[in-house]
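This report refers to the structure that appears directly beneath it.
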Amino acid sequence: MTEHQQDTRTRPAASDEPFDYDAELRRYNEHFRAAARVGPGDRVLDIGCGTGQTTREAASAAVGGSALGVDVSARMLERARRYGSSNVAYEQADAQTHRFEPSGFDLCISRFGTMFFADPVAAFTNIRRALRPGGRLVQLVWQGGDRNEWATAIGQALSALPPAPSDGPDAFSLADPAATEGILTAAGFTDIAFTDVHEPVYYGPDADAALDAVLHLWAVGSRLADLDPEAADEARARLHATLAAHATDEGVLFDSRAWIITARRP
Ligand SMILES: C[S@@+](CC[C@H](N)C(=O)[O-])C[C@H]1O[C@@H](n2cnc3c(N)ncnc32)[C@H](O)[C@@H]1O
């Protein structure tokens, strides 16, 4: 697992600021928060917490409890730590192998942070051990690429570019419910359930801003550099046109679908 392995789009970043997942996922977050049902006193573990929005929200709902966010990315955590609160902590760790306090958490949450494990059964076994008996796992993961217009439309617009470097599982690795149920069952979870969430994702207020976001997420800058200048201009114009075609009164939106997967440690 490398620091840049955040999703299929995220390869060496084009700027120092991480992509604004909070804006992209605003509509998803409402569903996620409702499913997580963090309550007073809960001890919450947030896997792949990124810049920490979900960790902070969990901490404020867990009055008298606590929230720990873990992420492999120092850069993400540095930003998460800018907004501290008394019952939030962050740790740089690979959730697949990190030695969490056994049975130390009532609830484990993850917003798109669990799809990148090299060995998913080992990772979810490790996470299950961190939960107390009866503790819950609530995660949001993408459905298949063909159900996510951001992947198909932008992928098509970028098809003339050399492929992005790939160094492990992609953002759709938990898209198949039967396969994912098998992984979670093998990891010792029960009461596994999938809820379909269908919401647009937001890439920015207009096509120019969305282009910046895509340049950041898909490592397009370095891939464009491998093309001759004329081909690079064409590819950039094609991408801009795709983004402009998705501009709405609410900004640049792409259709998308995800699963909320809930499970329990027996
Ligand atoms: C798509 S981002 C989501 C970030 C955050 N959950 C959010 O919704 O804003 C995925 C995050 O998972 C982290 N990640 C990937 N594999 C991980 C692992 N094995 N252990 C911990 N964090 C991991 C990445 O560094 C990245 O910050």
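Remember, it's 1-based here, ligands and their atoms both numbered in the order they're listed. Please read these numbers as outputs of a predicted model, since none were measured by experiment.
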Should you measure from each heavy atom of Phe117, which atoms of ligand 1 turn up under 4.0 Å away? 18 (C), 19 (N)

Salt-bridge present (Arg81, Glu78; N to O < 4.0 Å): no

So between Val72, Thr114, Leu77, whose heavy atom ends up nearest atom 17 (C) of ligand 1? Val72

Where the side chain of Arg132 meets the backbone of Asp106, is there a donor-acceptor pair that is under 3.5 Å apart? no

Numbered in order shown, the ligand 1 atoms found under 4.0 Å of a heavy atom of Ala95 are 18 (C), 19 (N), 20 (N), 21 (C)

Out of Arg111, Gln92, Glu91, the nearest non-hydrogen contact to atom 8 (O) of ligand 1 is supplied by Arg111

Met76: numbered ligand 1 atoms lying under 4.0 Å from its heavy atoms: 27 (O)

Which of the atoms of ligand 1 are close to Phe116, meaning less than 4.0 Å from one of its heavy atoms? 10 (C), 15 (C), 16 (N)

Taking C-beta and beyond as the side chain, do Leu158 and Val220 meet within less than 4.5 Å on heavy atoms? yes

Any donor-acceptor N or O pair under 3.5 Å, side chains His246, Asp255: no

Determine the sole option in Asp22, Asp71, Asp46 for which the salt bridge (Lys or Arg N to Asp or Glu O under 4.0 Å) test with Arg111 is passed. Asp22

Which atoms of ligand 1 sit under 4.0 Å from any heavy atom of Phe112? 1 (C), 2 (S), 3 (C), 10 (C)

Under 4.5 Å side-chain heavy-atom separation, chaining through any Ile, Leu, Val, Met, Phe, Trp or Tyr, what else clusters with Leu253? Say none if it is isolated. Tyr202

Proximal atoms of ligand 1 relative to Cys49 (non-hydrogen, under 4.0 Å): 5 (C), 6 (N)

Asp22 N/O under 3.5 Å from ligand 1 N/O: no

Asp94 heavy atoms, cut-off 4.0 Å: which ligand 1 atoms fall inside? 18 (C), 19 (N), 20 (N)

Can a salt bridge be assigned to the pair Arg129 and Glu101 using a cut-off of 4.0 Å between side-chain N and carboxylate O? no

Per-atom contacts of ligand 1 with Ala93, taking only distances under 4.0 Å to non-hydrogen atoms: 20 (N), 21 (C)

Please verify the inter-ring angle class for Phe105 with Phe100; under 30° counts as parallel, over 60° as perpendicular, anything in between as tilted. perpendicular

Close approach, Thr54 and ligand 1, non-hydrogen under 4.0 angstrom: no

Any chance the rings of Tyr203 and Phe254 have centres within less than 6.0 Å? yes

Asp71 touching ligand 1 at heavy-atom level, < 4.0 angstrom: yes

What I want to know is whether Gln96 and ligand 1 share at least one N or O pair that is separated by under 3.5 angstrom. no

